[in-house]
Amino acid sequence: MKWYQHPSVIDRLAASYVLGTLQGGARRRFESVMYSQLAVAAAVASWTEQMSPLLTTLTSIAPSQALWTSISSKAGIEQPIAAPKASWWQQWLAPIFAPLPAGALALGVALGVVTPALWQAQTLSQRQAVLPESYVGVLATPEGKTGLTVSSLRQGKIVELQQTKVVTLPAEKILYLWRIDKAGQVTPVAAIPNEKWGRITLAEPAEAVFFSAVELAVSMEPIGSTPSKPSQAFIYRGLCGKFWKWM
Amino acid sequence: MDDRLDVERLLSRIGLRDAVAFKSLYTLVSPRLMAVAYRVVQDRALAEDVLQEVFIRVWNESMPRPPGQPKTWAWLCVATRNRAIDVIRTKKPETPLSWLDNNGDEHFHDVEDDAHSPLAELLAHEDGQRLGQCMKRLESEPRQALLLAFYDGLTHPQIASRMQRPLGTIKAWTRRSMLRLKDCMEDTV
């Protein structure tokens with residue numbers, strides 16, 4: 001029997017892991033099991049929550065002003081651009097024409113927004129002008145790169161899949177799609193093709209399969225298996241979005 | 001932290017590449033995460049390096065996370081601490097853990113200011129009172145061993161060396177203390 005089949009051993013090692021006393025090879029081995037065994041992951045999550053007040057109650061320390069600039073730059077997020085200074089003639093004319101932009105804006109809105117809206121309402125009333133209600137999952141690789149998008153009509157049974165790059169699968173392995181609910185419960189969905197563009201048909205409508213999902217994930221599983229939990233670490237994981245209005 | 005739900009909501013938005021949510025999260029939690037990183041690395045510049053890496057990983061969705069582990073405030077704090085510990089473990093200590101001054105008096109690198117000890121801060125904070133009370137029930141030395149591991153990222157042999165106790169004693173202290181903490185936390189729910 002493996003150690004991760006003993007709850008008391010799992011709990012003891014998870015405690016050591018969260019405390020930070022699990023070292024070197026033992027830590028790495030523990031982590032590799034943690035990513036595939038939900039009981040181990042759950043024990044770590046539980047210890048994380050229990051010990052976190054030691055960290056969350058520390059007295060705040062303000063980081064330097066430069067830190068956000070550096071982070072946003074490295075993350076590729078654009079900083080708000082300061083409005084260019086008005087030229088001398090714009091400054092000189094501003095008091096004279098100050099009331100004009102409000103009127104111009106109103107006219108612009110009337111011509112640019114209201115008129116087309118009225119036109120559409122009259123002529124396109126029968127046309128669906130919104131994105132159909134859909135589930136969309138954007139799954140990333142462990143390195144944080146987009147790896148797979150999963151989409152399905154809310155009431156449809158077809159799931160479209162698009163992989164950024166087809167993965168190299170070991171022999172006797174297939175890709176398997178999972179849904180993860182708010183409580184972190186992982187539930188099998190279906191085997192999926194390892195193709196750039198793929199498609200599967202669900203046994204029931206997407207609404208029944210994905211409604212409780214907050215995340216979707218993909219693991220490699222033995223061919224022909226019907227796994228009840230992932231046998232190894234996820235190769236893709238990401239949020240599952242619901243694209244429709246709630247009211 | 002009262003903003004716990006806000007943190008979870010912002011982390012979800014960031015998963016959808018929402019830059020405004022990312023900035024909001026930074027504004028909300030960076031001073032607290034800075035405290036977490038600084039508590040471990042004891043160096044402001046190094047703590048900012050840790051924070052930068054943590055936020056970039058959050059943005060890129062590449063922060064290690066066990067399956068089923070929700071993105072919570074606790075997870076973010078522990079992930080920051082883990083990253084800080086990784087940083088100090090890869091750096092050779094620039095100052096010895098303890099040293100003698102010219103008068104022959106022994107000094108330790110991480111002597112705590114009693115007024116701002118982790119335990120005092122825990123007890124002063126509503127979120128930490130339960131854990132703080134349970135920590136108080138531990139004997140002084142095992143509690144110190146636990147805090148050296150948790151905050152300073154010290155290994156069992158390092159704690160043994162620091163506290164001048166046998167390695168086996170330190171291992172037993174930390175293991176028993178964690179179990180006692182768990183029992184205590186469950187009893188006080």
Side-chain angles (χ1 to χ4, degrees), chain A residues 11-12 15-16 18-21 23 31 34-36 38 40-42 44-45 47-64 66-68 70-72 74-75 77-78 138 140-145 180 182-186 214-215 217 230 233-234 237-239 241, chain B residues 1 12 15-16 19 22-23 26 30-32 34-36 38-39 44 47-48 51-52 55-57 59-62 64 66-70 72-75 77-78 80-82 85 116 118 121-122 124-125 127-128 130-132 146-147 149-151 153 155-156 174-175 178-179 181-182 185:
Chain A
D11 197 53
R12 186 159 56 79
S16 299
V18 173
L19 186 61
T21 50
Q23 295 293 301
E31 281 180 336
M34 177 177 76
Y35 284 106
S36 62
L38 291 180
V40 179
V44 169
W47 275 108
T48 297
E49 291 293 325
Q50 288 200 38
M51 298 299 284
S52 65
L54 279 170
L55 301 173
T56 58
T57 55
L58 290 173
T59 305
S60 299
I61 299 174
S64 69
L67 183 60
W68 169 248
S70 174
I71 288 172
S72 56
K74 284 195 165 58
I77 296 169
E78 287 180 15
V138 182
T141 64
E143 293 78 36
K145 296 187 173 127
I180 303 171
K182 202 164 77 173
Q185 182 73 34
V186 181
V214 291
E215 284 186 288
F234 293 131
R237 181 173 180 159
L239 289 176
Chain B
M1 184 183 188
S12 298
L16 299 170
F22 187 53
K23 177 69 199 287
Y26 178 85
S30 64
R32 295 205 180 223
M34 181 73 181
V36 170
Y38 184 81
R39 182 67 187 75
R44 214 183 150 83
E48 291 202 348
L51 228 61
Q52 175 163 297
F55 274 97
I56 297 292
R57 283 184 176 211
W59 177 247
N60 290 331
E61 292 270 295
S62 61
Q69 163 75 61
T72 61
W73 172 226
W75 165 73
C77 282
V78 172
T80 302
R81 184 208 64 146
N82 290 348
I85 288 175
H116 295 95
E121 292 193 16
L122 258 183
H125 202 285
D127 281 357
R130 189 151 57 98
L131 181 59
L146 208 70
L147 294 175
F150 193 77
Y151 282 131
T155 61
H156 281 134
T174 53
R175 189 174 66 244
M178 289 296 270
L179 290 176
L181 271 186
K182 188 181 183 190
M185 298 278 280

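Side-chain atoms are counted along with the backbone in the values below, which use heavy atoms only and exclude waters and symmetry mates. Since the structure is predicted, the reported quantities are computational estimates derived from the model, not experimental observations. Letters A, B, ... mirror the listed sequences (proteins, then strands); counts begin at 1.
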Short side-chain to backbone donor-acceptor contact, B:R32 and A:T56, under 3.5 Å: yes

Region of A:P142 that comes under 4.5 Å of a non-hydrogen atom in chain B: backbone

A:A15, part contacting chain B, at a heavy-atom distance under 4.5 Å: both

Considering all heavy atoms, the nearest B:A149-B:I85 contact: O-CD1, 4.4 Å

Parallel, tilted or perpendicular: rings of B:F22 and A:W68 (30°, 60°): tilted

Exercise: identify the closest heavy-atom pair between B:A35 and A:L58: O-CD1, 3.8 Å

Interface residue of largest heavy-atom contact number with chain B, from A:Q185, A:R12, A:R237, under 4.5 Å: A:R237

Chain B contact via A:I71 - side chain, backbone, both or neither, heavy atoms under 4.5 Å: both

Portion of A:F234 that has a non-hydrogen atom of chain B nearer than 4.5 angstrom: side chain

Contacting region of B:T72 [heavy-atom separation from chain A under 4.5 Å]: side chain

Heavy-atom proximity to chain A below 4.5 Å, by part of B:F150: both

Atom group of A:E31 that falls short of 4.5 Å from chain B, counting heavy atoms: neither

Contact class of A:L38 relative to chain B, heavy atoms under 4.5 angstrom: side chain

Residue part contacting chain A, namely of B:R57, when any heavy atom lies under 4.5 Å: neither

Closest heavy-atom pair and its distance - B:M178, A:W47: O-CH2, 3.1 Å

Choice from A:S64, A:S36, A:A66, A:G238 maximising heavy atom contacts with chain B below 4.5 Å: A:S64

Residue, of A:M51, A:E49, A:E215, that accumulates the most heavy atom pairs under 4.5 Å with chain B: A:M51

Which atom of A:G20 lies closest to which atom of B:R81, heavy atoms considered: N-NH2, 4.2 Å

Side chain proximity check, B:R175 to A:T21, heavy atoms < 4.5 angstrom: no

Shortest non-hydrogen separation from B:Y38 to B:R44 and the atoms involved: CE1-N, 3.6 Å

B:L51, part contacting chain A, at a heavy-atom distance under 4.5 Å: both

Backbone N/O of B:M185 and side chain of A:Q50: donor-acceptor pair under 3.5 Å: no

